[in-house]
Amino acid sequence: MTVIEIESYEVPATYSYFAAPVLNENVFLTAKIKNWEQYNLLPAEANVYFEGSYSGKTNINPQSTKKELTISLGTDPNVVVKRTQPTDFKKNAFIGNNKIISKHYEIELKNNKLAAIDLILYDRIPVSQNKDIKIDDIETGSSEYDDKKGVLKWTLNLKANVKETYKFSYTVKYPKYKRVNL
C-alpha cells in the first residue's frame, strides 16, 4: 500500500471536551473549524495529530450544511472522569404497597493538563413513561436540567491540575409487584 499526501493544512480550531460517564468513562476531544468550505475537502478518512503526536483517524464529511465542521480527535487520557454511586446513599424502602429507591451519584473530573479546558459534562435521570412509576426528589446540582429528556448538562471551564466533583440524586417510587430496571 502506498500513501500519498495530497494536501496538508494547519487550520485554526476551537477545541471542546465532552464526557458522558454514564455511557463511557473517557473524555472526548473535538475540534470545530469555521470557514472550512475554503479548503475544498473531500469526503475521506483523515489522520489526526494532536499536541505533536498521532491520535488516530477521523472521518471528514464536507457535505455537512453546518457553519462549523466538527472533527473528533478521540479521547484525551489527560482528562479523567469517574462516576460513582456512594454506598452510604443507597437506600431502599417499602412504604405501603410501594418500593422507594434513592439514587445518588458523584462525578469526579480531573484535568491533568497544564492549561484550563472547556468541557461539557452530560448525565441523565430516568424519565417515567408509566403513571405508576414516579421520579421524585430530583437534585440536579449546578447542572442545566432538561426535565422532558432527563438530561443533565454542565458547561465547565476546568482549571489545570484541578479535581472537581459534581453531584445529583433522585428517588424512584413504584408498586412493589413491578420490576423496574435502573
Side-chain angles (χ1 to χ4, degrees), residues 14-32 48 50-51 53 55-58 70-182:
T14 303
Y15 297 98
S16 298
Y17 289 85
F18 295 90
V22 65
L23 303 173
N24 187 321
E25 283 203 345
N26 284 304
V27 176
F28 296 89
L29 177 60
T30 62
K32 289 186 187 284
V48 177
F50 181 67
E51 293 181 341
S53 63
S55 66
K57 295 185 181 296
T58 192
T70 302
I71 297 176
S72 172
L73 300 176
T75 62
D76 188 337
N78 292 312
V79 185
V80 181
V81 64
K82 185 176 179 184
R83 181 182 195 255
T84 58
Q85 188 174 3
T87 53
D88 57 329
F89 279 96
K90 288 183 182 175
K91 295 179 183 163
N92 296 341
F94 290 96
I95 297 177
N97 289 326
N98 292 314
K99 183 172 185 177
I100 299 173
I101 298 176
S102 295
K103 295 283 196 174
H104 177 91
Y105 294 94
E106 290 182 356
I107 302 171
E108 188 176 273
L109 279 168
K110 179 128 182 7
N111 178 8
N112 293 319
K113 300 178 82 59
L114 298 175
I117 61 166
D118 292 325
L119 185 141
I120 298 176
L121 173 64
Y122 291 100
D123 214 301
R124 65 180 176 208
I125 290 176
V127 176
S128 176
Q129 303 296 319
N130 183 323
K131 66 179 176 58
D132 293 335
I133 302 170
K134 303 223 181 314
I135 311 297
D136 290 318
D137 302 323
I138 296 172
E139 294 291 334
T140 61
S142 60
S143 72
E144 298 170 37
Y145 178 57
D146 182 336
D147 60 348
K148 303 286 186 256
K149 296 179 183 174
V151 174
L152 300 154
K153 177 183 176 185
W154 290 265
T155 303
L156 310 168
N157 180 274
L158 200 56
K159 300 202 179 333
N161 290 307
V162 164
K163 179 170 43 171
E164 292 187 8
T165 303
Y166 302 89
K167 300 176 182 182
F168 68 97
S169 62
Y170 58 91
T171 60
V172 182
K173 180 179 172 184
Y174 60 95
K176 61 183 173 186
Y177 62 84
K178 281 199 178 283
R179 278 185 75 120
V180 175
N181 292 327
L182 297 173

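Hydrogens, waters and symmetry mates play no part in the numbers below; they use all other heavy atoms, side chains included. Residue numbers start at 1 and run along the sequence shown.
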**Report entry** Non-hydrogen side-chain atoms of Val81 and Ile107 separated by less than 4.5 Å
**Finding:** yes
**Report entry** Lys167: salt bridge (Lys or Arg N to Asp or Glu O under 4.0 Å) partners, not counting sequence neighbours
**Finding:** Glu106
Requested in this report: Would you mind listing every salt bridge (charged side-chain N to carboxylate O under 4.0 Å, His left out) that reaches into residues 115-133, with sequence neighbours excluded?
Outcome: Arg83-Asp123
Query raised in the report: Can you tell me how far CD1 of Ile138 sits from NZ of Lys103, rounded to the nearest 0.5 angstrom?
Result: 14.5 Å
Query raised in the report: Side chains of Asn112 and Lys110: donor-acceptor distance under 3.5 Å anywhere?
Result: yes
Requested in this report: Go through the steps for Asn111 and Asn161 under the test side chain to side chain contact (heavy atoms under 4.5 Å, CB included), then give the verdict.
Outcome: CA-CA 5 Å; Asn111 178 8; Asn161 290 307; over 6 Å; no
Requested in this report: Using the salt bridge (charged side-chain N to carboxylate O under 4.0 Å, His left out) rule, collect all pairs that involve residues 168-178, keeping only residues at least two apart or in two chains.
Outcome: none
Name each donor-acceptor pair under 3.5 Å that joins a side chain in residues 143-151 to protein atoms two or more places apart or in another chain, with its distance.
residue : atom : partner : partner atom : Å
Ser143  : OG   : Thr140  : O            : 2.8
Asp146  : OD1  : Lys148  : N            : 3.0
Asp146  : OD1  : Lys149  : N            : 3.2

Report task. Assert yes or no for the condition that the ring centre distance of Phe28 to Phe18 is strictly below 6.0 Å. Result -> no
Query raised in the report: With a 4.5 Å limit on heavy-atom distance, are the side chains of Glu164 and Glu108 in contact?
Result: no
Query - Residue pair Tyr105 / Pro86, side-chain heavy-atom distance below 4.5 Å - result: no
Query raised in the report: So, do Tyr174 and Lys99 sit near enough that their side-chain heavy atoms are less than 4.5 Å apart?
Result: yes
**Report entry** Contacts of type side-chain contact (heavy atoms from CB on, under 4.5 Å), residue Ser72, not counting sequence neighbours
**Finding:** Thr58
Query raised in the report: Which value, rounded to the nearest 0.5 Å, describes the distance between Ile117 atom CD1 and Asn78 atom CG?
Result: 9.5 Å
Query raised in the report: To the nearest 0.5 Å, what is the distance between OH (Tyr15) and CD1 (Ile71)?
Result: 9.5 Å
Query raised in the report: Under 4.5 Å between any side-chain heavy atoms of Tyr170 and Asp137, yes or no?
Result: no
Query raised in the report: Which heavy atom of Ala19 sits nearest a heavy atom of Val27, and at what distance?
Result: CB-CG2, 4.2 Å
Query raised in the report: Between atom OG of Ser16 and atom CG of Leu119, what is the distance when rounded to the nearest 0.5 Å?
Result: 9.0 Å
Query - Listed partners of Lys113 passing salt bridge (Lys or Arg N to Asp or Glu O under 4.0 Å), at least two apart - result: Glu51, Asp76
Requested in this report: Apply the test side-chain hydrogen bond (donor to acceptor under 3.5 Å, both in side chains) to residues Asp136 and Thr171: give CA-CA distance (whole Å), side-chain angles for both, the deciding distance (0.1 Å), then the verdict.
Outcome: CA-CA 5 Å; Asp136 290 318; Thr171 60; 4.9 Å; no
Query raised in the report: Minimum heavy-atom separation for Ala31 to Leu73, with atom names?
Result: CB-CD1, 3.9 Å
Query - Side chains of Tyr122 and Leu152 in contact at under 4.5 Å (non-hydrogen atoms) - result: no
Query raised in the report: If you take all heavy atoms of Pro77 and Val80, which pair is closest and at what distance?
Result: O-CG2, 3.9 Å
Report task. Could you please spell out the steps behind the side chain to side chain contact (heavy atoms under 4.5 Å, CB included) verdict for Leu156 and Ile120? Result -> CA-CA 6 Å; Leu156 310 168; Ile120 298 176; over 6 Å; no
Report summary line: Taken to the nearest 0.5 Å, the spacing of Glu25 CD from Thr75 OG1 works out to 13.0 Å
Query raised in the report: Do side-chain atoms of Ser128 reach the backbone of Asn130 as a donor and acceptor pair under 3.5 angstrom?
Result: yes
Query raised in the report: Taking all non-hydrogen atoms of both residues, which atom of Leu121 and which atom of Pro21 are closest, and how far apart?
Result: CD1-CD, 3.7 Å
